[in-house]
Amino acid sequence: MTTVKPEQQEPASTPPRPPSMADVAGVAGVSHQTVSRVLNGLPNVREGTRERVLEAIDQLGYRRNRAARALVTARTSTIGILTVGSEFFGPQSTVLAVEAAARARGYFVSVTSLERYDADSALVALNHLVDQGVDGVVVVAPLELVTEAIDDAALSLPMVVVAARPDVPAADPVQYVFVDQRSGARQATDHLLGLGHRRIVHVSGPVGWFDAAERLRGWRESMAAAGCDAVEAAAGDWFAASGFEVGTRLARQVSAGEATAVFAANDYLAIGLLRAFWEAGLSVPDDVSVVGFDDLQSSAFFIPALTTVRQPFAEVGRTALAALLDGADAPGAPHVLTPSLVVRGSTGAPRAS
């Protein structure tokens, strides 16, 4: 009798992984979004395409991931949140609001932050949440590259994205919830125009962020409607140091009468502007008015108190979670919330020339 030593034994074979939605899409020759529409019984799928998808499902023996039905079965009672770094006030305020709304409905949350702000990092982070068996995902990372990754991802679980995306695809299985950033920018700009300002500079946020792009568009729209030239000063990021750097340059334009007001893309940039103008010996709002965006908790305590646009973060969180839990199988038009202008001491009429 021959004894087989342990090292001579063949390793146990790894069980094959179950077929995925991406496999079904590949066999049927369609996108994963089309497979999702067929699985969810959504319209706008040609009958021939639907039959090909169903045949591919039968051929592969595909069984829908239970995470896609987790909102009914409450398999883990955990919601995944994908977000950017904690240094960004708006996204982090939204994350806290989603977490509070989830807790109120008996759900836990698992938060994952992007290592880098690109599509590959977004896909890695999303797959990490899927591997945890979350019941659904709320994405709070309003970057164009992240939504591109979501469009390309073959994920068979409910998802809501909090981003002011202007071109949400029709019948997209992913739901969108966002604050109308363009409306907020128009409110800020129209406020300055109503005070009599005509030379209003916009300190814009970074390229690739939906919020920055929409605020820039709103400012341009109001300036064009008033027949005023739109002068932009790009900050490059969201932080006070960049606002200070831009403000140092703008101080010379203010002193020369080339600008009488500044609309900053967020409150942190506005903080930097206030410091730069103070160091240049300029009075806010006597020499130049300043408006921010977001309404930080400290904005009312700046000197002067900052006029800004308040975003309803708590409502965003509740709406995003409701869309995930109650509307996962019925995606439709984006849920759009309206911001509000908060007028404080940093704005006033321009100095008479």
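Predicted model, so just to flag it, every value in this text is computed and none were measured.
- Across every non-hydrogen atom of Ala323 and Gln175, the tightest pair is O-NE2, 2.8 Å.
- Listed for the Arg199 side chain is no donor-acceptor partner under 3.5 Å among the backbone atoms of Ala261.
- Smallest separation of non-hydrogen atoms from Gly247 and Phe277: O-CE2, 3.6 Å.
- Inter-residue side-chain proximity for Trp219 and Ile200 is flagged as met; some heavy-atom pair is nearer than 4.5 Å.
- Salt bridge annotation for Arg105-Asp326: present, with a cationic side-chain nitrogen under 4.0 angstrom from a carboxylate oxygen.
- A side-chain donor-acceptor contact under 3.5 Å links Asp135 to the backbone of Ser77.
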* Asked: What's the verdict on side chain to side chain contact (heavy atoms under 4.5 Å, CB included) for Val38 and Leu54, showing C-alpha distance, side-chain angles and the deciding distance?
  -> CA-CA 8 Å; Val38 172; Leu54 293 174; 4.0 Å; yes
* Test Asp294 against Val309 for side chain to side chain contact (heavy atoms under 4.5 Å, CB included), laying out the working first. => CA-CA 5 Å; Asp294 281 339; Val309 177; over 6 Å; no
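- Residue pairs satisfying the side-chain hydrogen bond (donor to acceptor under 3.5 Å, both in side chains) criterion with at least one member in residues 335-345, sequence neighbours excluded, are listed as follows: Asp295-Arg344.
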* Quick one: do Leu274 and Val284 satisfy side chain to side chain contact (heavy atoms under 4.5 Å, CB included)? Show the steps, please. => CA-CA 8 Å; Leu274 292 176; Val284 178; 4.0 Å; yes
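- Asp180 is not listed as a side-chain neighbour of Leu337, based on a closest heavy-atom distance of 4.5 Å or more.
- Taken from CG in Asp190 to CD in Glu221, the straight-line distance is 10.0 Å, to the nearest 0.5 Å.
- Note that the CG atom of Asn127 and the OG1 atom of Thr112 stand 11.0 Å from one another [nearest 0.5 Å].
- One finds a salt bridge joining Arg217 and Glu214 here, because a Lys/Arg side-chain nitrogen approaches an Asp/Glu carboxylate oxygen to under 4.0 Å.
- Here Gln92 contributes atom CD and Thr83 contributes atom OG1; the two are 4.5 Å apart, rounded to the nearest 0.5 Å.
- Under the side-chain hydrogen bond (donor to acceptor under 3.5 Å, both in side chains) criterion, His197 pairs with Thr260, Ser289, sequence neighbours left out.
- Side-chain N or O atoms of Thr147 include one that pairs as donor or acceptor with a backbone N or O of Glu144 at under 3.5 Å.
- At distances below 3.5 Å, at least one donor-acceptor pair connects side-chain atoms of Ser299 with backbone N or O atoms of Leu296.
- Residues Val109 and Thr78 are not in side-chain contact: their nearest non-hydrogen atoms beyond the backbone lie 4.5 Å or more apart.
- For the pair Leu269 and Ala235, the tightest heavy-atom approach, listed with the atom from each and the gap, is CD2-CB, 3.7 Å.
- Arg165 contributes atom CZ, which lies 8.5 Å from atom CD1 of Ile150 (distance to the nearest 0.5 angstrom).
- Results of the side-chain contact (heavy atoms from CB on, under 4.5 Å) test with Met159 over Leu129, Leu126, Val138 single out Leu126 as the only residue that passes.
- A donor-acceptor contact shorter than 3.5 Å is absent between the side chain of Thr307 and the backbone of Val291.
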* Using the ring pair (Phe, Tyr, Trp, His ring centres under 6.0 Å) rule, take Tyr268 and Phe293 through it: C-alpha gap first, then chi angles, then the decisive distance, then the call. => CA-CA 9 Å; Tyr268 286 121; Phe293 206 110; over 10 Å; no
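- Going from atom SG of Cys228 over to atom CE of Met223 covers 4.5 Å, rounded to the nearest 0.5 Å.
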* To do: Evaluate the criterion side chain to side chain contact (heavy atoms under 4.5 Å, CB included) for residue pair Phe263 and Val203; output intermediate values, then yes/no.
  => CA-CA 6 Å; Phe263 164 43; Val203 178; over 6 Å; no
* Would you sort out whether Phe88 and Phe239 count as a ring pair (Phe, Tyr, Trp, His ring centres under 6.0 Å), showing the intermediate values? => CA-CA 9 Å; Phe88 299 107; Phe239 304 122; 5.7 Å; yes
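- No single ILVMFWY cluster, assembled from side-chain heavy atoms under 4.5 Å apart, contains both Leu145 and Leu114.
- Residues Ala251 and Ala280 approach most closely at CB-CB, 3.7 Å, considering heavy atoms.
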* To do: Tell me, with the steps shown, if Gln311 and Gln181 meet side-chain hydrogen bond (donor to acceptor under 3.5 Å, both in side chains).
  => CA-CA 9 Å; Gln311 299 203 66; Gln181 307 293 321; 2.8 Å; yes
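- Residues Val342 and Phe89 are members of separate hydrophobic clusters, defined by side-chain heavy-atom contacts under 4.5 angstrom among Ile, Leu, Val, Met, Phe, Trp and Tyr.
- Scanning for side-chain hydrogen bond (donor to acceptor under 3.5 Å, both in side chains) contacts around Ser121 gives an empty result, with sequence neighbours left out.
- In this structure the side chain of Val134 never reaches within 4.5 angstrom of the side chain of Ile79, judged on heavy atoms.
- The 12-atom threshold is not exceeded at CD of Glu115, counting heavy atoms of other residues, nucleotides or ligands nearer than 6.0 Å.
- When all heavy atoms are compared, the tightest approach of Pro285 to Ser346 is CB-O, 3.5 Å.
- A distance-only check finds no donor-acceptor pair linking the side chain of Asp267 to the backbone of Ala270 [under 3.5 Å].
- Under a 3.5 Å cut-off, the side chain of Asp23 and the backbone N or O of Pro19 do not form any donor-acceptor pair.
- A heavy-atom distance below 4.5 Å is found between the side chains of Leu192 and Thr347.
- Checked by atom type and distance alone, the side chain of Arg215 pairs as donor or acceptor with a backbone atom of Ala265 at under 3.5 Å.
- We find the CG-NE2 distance between Leu123 and His128 to be 14.5 Å, quoted to the nearest 0.5 Å.
- Of the possible donor and acceptor atoms, none in the side chain of Thr49 sits under 3.5 Å from a partner among the backbone N and O of Val45.
- The backbone N or O of Thr34 lies less than 3.5 Å from a partner atom in the side chain of Ser31, making a donor-acceptor pair.
- Residues satisfying the ring pair (Phe, Tyr, Trp, His ring centres under 6.0 Å) criterion with Phe244, sequence neighbours excluded, are absent altogether.
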* Candidate pair Asp287 and Arg351, rule salt bridge (charged side-chain N to carboxylate O under 4.0 Å, His left out), full reasoning -> CA-CA 6 Å; Asp287 296 316; Arg351 188 186 297 277; 2.6 Å; yes
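- Among residues at least two apart or in separate chains, side-chain hydrogen bond (donor to acceptor under 3.5 Å, both in side chains) pairs with a member in residues 229-250 are Ser204-Glu232, Arg220-Glu232, Asp237-Ser242.
- A donor-acceptor contact closer than 3.5 angstrom is absent between the side chains of His191 and Gln187.
- A heavy-atom distance below 4.5 Å is not found between the side chains of Phe178 and Val316.
- Not counting sequence neighbours, Asp120 has no partner by the side-chain hydrogen bond (donor to acceptor under 3.5 Å, both in side chains) test.
- For the pair Val162 and Val139, the minimum side-chain heavy-atom distance is 4.5 Å or more.
- In terms of heavy-atom proximity, Ala320 sits nearest to Val177 at CA-CG2, 4.0 Å.
- Val140 is not listed as a side-chain neighbour of Leu82, based on a closest heavy-atom distance of 4.5 Å or more.
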